[in-house]
Amino acid sequence: MKNQKIMTSLNDQELARLEALNKLREIGIEPFPAEAFEVSHLSEDIQSKWSEEVEGDYMEVSLAGRLMMKRIMGKASFGELQDSAGRIQIYVQRDDICPEEDKTMYNDVFKKLLDIGDYIGIKGFVFRTRLGEITVHVKELTVLSKSLRVLPIVKTQIDKETGKETVYDAFKDPDARYRMRYVDLTVNEGIKDIFIKRSRMISTMRSYFDQKGWLEVETPALQPIHGGAAARPFKTHHNALDMPLYLRIANELYLKRLIVGGFDGVYEIGKMFRNEGMDRTHNPEFTSMEIYVAYKDYIWMMEMVEDLLEHITRSLHDGIAEVEYDGKIINFAGPYERMSMYESIEKYTGTDISNMDEAALGKFCKSQGVSIDATMGRGKLIDELFGEKVEAHLIQPTFITDYPIEMTPLAKKHRIKEGLVERFELFVNGKEIANAYTELNDPIDQRERFEEQLKLAAKGDEEAMVLDEDFLRSIEYGMPPTSGLGIGMDRLAMLMTNKKSIQEVLFFPQMRPEQKK
RNA sequence: GAUUCCGUAGCUCAGCUGGUAGAGCAACGCCCUUUUAAGGCGUGGGUCCUGGGUUCGAGCCCCAGCGGGAUCACCA
């Protein structure tokens, strides 16, 4: 009865696969065997290393993977086996896999009961076909796992005259691809590479930091006070403590406590959560890297970022420090251009705003066609102006330095320039990808800045920071001069893999629940 | 949140001024021992996203909803 219920929800192709599975069992072949299958080679090993000269080394190979194509021609067939590294053609002859009278293994199992997507193991030898394709001649075939669903079969034809490539039946609906990433990864070439690059990007960064002697740490993701950034948090509740907790929007205040505790350098690569809108550069959970190094300032940090990004880019792109993004060549070899925020506005509007007061600035924004409202203070006006007039021009990596104090409550006041803080952001392709300060370690100044934030909150600013008394206590014990940096790892991954949507660099981007059928 | 486009077979898509649903691949059956989008002959397969409405008649028109994409806004 249970079976019947399943049956009615299946289409004809899925029914055929279920029947094939039952028939395999009838023949005495377990479609989901428990035994391990020993693999000697990956498809890629053979494709790249085999030649007639070393033929002798490839007389007994065993491979495992999904059967992705069958081309049956009577008593012999070709197929394609896809493993973790790629694909290789296989050649299956009836009398080879069925040396005895009984031809079931070929006539029934291979020709009829095996479907595209099934996992098989093969043993045989490598040869080259008349048409020149390196192929495994199968002597022994093992069913490793049955696939009950139909994979979309992507086929590519290359026109022999024009060399033009045509793709048939691409599995390209973004909705389906993100919801069923396992199918996307199986069927679409190049998807794995994105995530392999992402993984290597992170491991390269980690080993760079480790080599400098900085310590990778972990700090709470569940926080009683959501500090360190201006954003709306996710709220949850702990039952045993009967208290509200927030998913972290940043880890800055915890990492600084560790600097107070005496580490010279600490960093954390981890998930942050922000309860805000989603678009092609925002996912509710995202990966950030934050690092704090004692006895340094933001000028030192700019040099570190140049070296780090150049190093990562080279290690991901065969030693080259350039990436192509959105049709542009972006060069990550340092040094990068540096401009103060005021200089950048002057460069792209022709006007020096450094001495304007709030009223004059408001007037200037209007004259530039920047829409403003009455609640905006001086800092916010500058930020708007920058966003409208400057950001889009910053294609090559560019440091923008020295921000108005109002919007940056955790950065140290500028050593010379009144009303500014020692902060930089790194822009690439018109987008911010890194943010750094000379950290504020003066506890009295820090308390005043928090109090300013409280006033903003009282005025209704939902994103104003909350005062963290324990954090203040920690720096009252004494925090060394420190520079800190944050990098949005997803956005960096987008740059490194030439993807325009954050969903393309996340295995499982956040989605609405699937509609029930 | 706003605007806009899209949702038809397992996949990719067509479907005219409204007339009762099609193609290729995939599936099923038969033929074929070096093919490669293999080929040839034949067969089956649909909640046209959901719910209302207009109409003699809706995949198509109208309304509402669901899901997704793009652009903008918001957001370090």
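Letters go in sequence order (proteins before strands), and every chain restarts at 1.
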Practice task
In whole angstrom, give me the gap between the C1' atoms of B:C28 and B:C16.
Solution key: 34 Å

Handout entry: C1' spacing across the pair B:A38 / B:G24, given as an integer number of angstrom
Key = 16 Å

Practice task
Name the nucleic acid region contacted by A:Phe424, choosing base, sugar-phosphate or nothing; use a 4.0 angstrom heavy-atom cut-off, strictly under.
Solution key: nothing

Practice task
Answer yes or no: does a side-chain N or O of A:Arg232 lie under 4.0 Å from OP1 or OP2 of B:C74?
Solution key: no

Practice task
Identify whether any heavy atom of A:Glu391 sits under 4.0 Å from a base atom; if not, whether one sits that close to sugar-phosphate; answer base, sugar-phosphate or nothing.
Solution key: nothing

Problem - Heavy atoms of other groups near A:Glu100 CD, more than 12 under 6.0 Å - result: no

Completion exercise
Sorted by position of nearest nucleotide on RNA chain B, 5' first, the leading residue of A:Glu432 and A:Leu131 is A:Leu131

Problem - Candidates B:C11, B:G45, B:C74 - which lies nearest the side chain of A:Phe171 - result: B:C11

Exercise for the section: Give one of base, sugar-phosphate or nothing for A:Thr281, where a contact means two heavy atoms less than 4.0 Å apart. Expected result: nothing

Taking only distance into account, with no hydrogens and no angle test, what donor-acceptor pairs under 3.5 Å do side-chain atoms of residues 132-141 of chain A form with protein atoms, sequence neighbours excluded?
from: A:Thr135; atom 1: OG1; to: A:Gln89; atom 2: NE2; distance (Å): 3.0
from: A:Thr135; atom 1: OG1; to: A:Glu133; atom 2: O; distance (Å): 2.8
from: A:His137; atom 1: NE2; to: A:Asp96; atom 2: OD2; distance (Å): 2.5
from: A:Lys139; atom 1: NZ; to: A:Asp96; atom 2: OD1; distance (Å): 3.1

Handout entry: Whole-Å C1' distance, B:A9 and B:U43
Key = 15 Å

Completion exercise
side chain to side chain contact (heavy atoms under 4.5 Å, CB included) test vs A:Pro284 passes for just one of A:Arg274, A:Met272, A:Gln510, namely A:Gln510

Handout entry: Main-chain N/O of A:Glu14 paired with A:Arg149 side-chain donor or acceptor, under 3.5 Å
Key = no

Practice task
Rounded to whole angstrom, note down the P distance from B:C11 over to B:U50.
Solution key: 15 Å

Problem - Presence of A:Arg71 side-chain N/O under 4.0 Å of B:A38 phosphate oxygens OP1/OP2 - result: yes

Exercise for the section: Using only heavy-atom distances, decide whether a donor-acceptor pair under 3.5 angstrom links the side-chain of A:Asp175 to the base of B:G67. Expected result: no

Exercise for the section: Between B:U20 and B:U8, how far apart are the C1' atoms? Round to whole Å, please. Expected result: 15 Å

Problem - Nearest-neighbour nucleotide for the A:Asp279 side chain, B:G68, B:A73, B:U35 considered - result: B:A73

Problem - side-chain N/O A:Lys155 vs B:G24 OP1/OP2, d < 4.0 Å - result: no

Problem - B:U4 versus B:A64 - spacing of their P atoms, nearest Å - result: 12 Å

Exercise for the section: Report which part of the nucleic acid A:Gln13 touches: base, sugar-phosphate, or nothing (heavy-atom distance under 4.0 Å, all strands). Expected result: base

Handout entry: A:Lys172 side-chain N/O to B:C13 phosphate OP1/OP2 under 4.0 Å
Key = yes

Practice task
Verify the contact: side-chain N or O of A:Arg179 to OP1 or OP2 of B:G68, cut-off strictly under 4.0 Å; return yes or no.
Solution key: yes

Problem - Donor-acceptor pair present, A:Gln89 side chain and B:U35 base, under 3.5 Å - result: yes

Practice task
Rounded to whole angstrom, note down the C1' distance from B:A21 over to B:G53.
Solution key: 23 Å

Exercise for the section: Taking the side chain as every heavy atom from C-beta outward, state whether A:Leu410 and A:Met465 have any atom pair closer than 4.5 Å. Expected result: yes

Practice task
Would you mind checking if A:Glu343 and A:Lys347 are paired as a salt bridge, meaning a charged N to carboxylate O distance below 4.0 Å?
Solution key: no

Handout entry: Side chain A:Lys103, main chain A:Cys98, donor-acceptor under 3.5 Å
Key = yes

Exercise for the section: With C1' as the reference atom in both, quote the distance from B:G44 to B:C25 in angstrom, rounded to an integer. Expected result: 16 Å

Taking only N/O atoms, report every protein-nucleotides 30-33 of chain B pair under 3.5 Å with atom names and distance.
from: B:C32; atom 1: N3; to: A:Ile72; atom 2: O; distance (Å): 3.3
from: B:C32; atom 1: N3; to: A:Gly74; atom 2: N; distance (Å): 3.3
from: B:U33; atom 1: OP2; to: A:Lys75; atom 2: N; distance (Å): 3.0
from: B:U33; atom 1: O2; to: A:Gln93; atom 2: NE2; distance (Å): 3.3
from: B:U33; atom 1: O4; to: A:Asp95; atom 2: OD2; distance (Å): 3.4

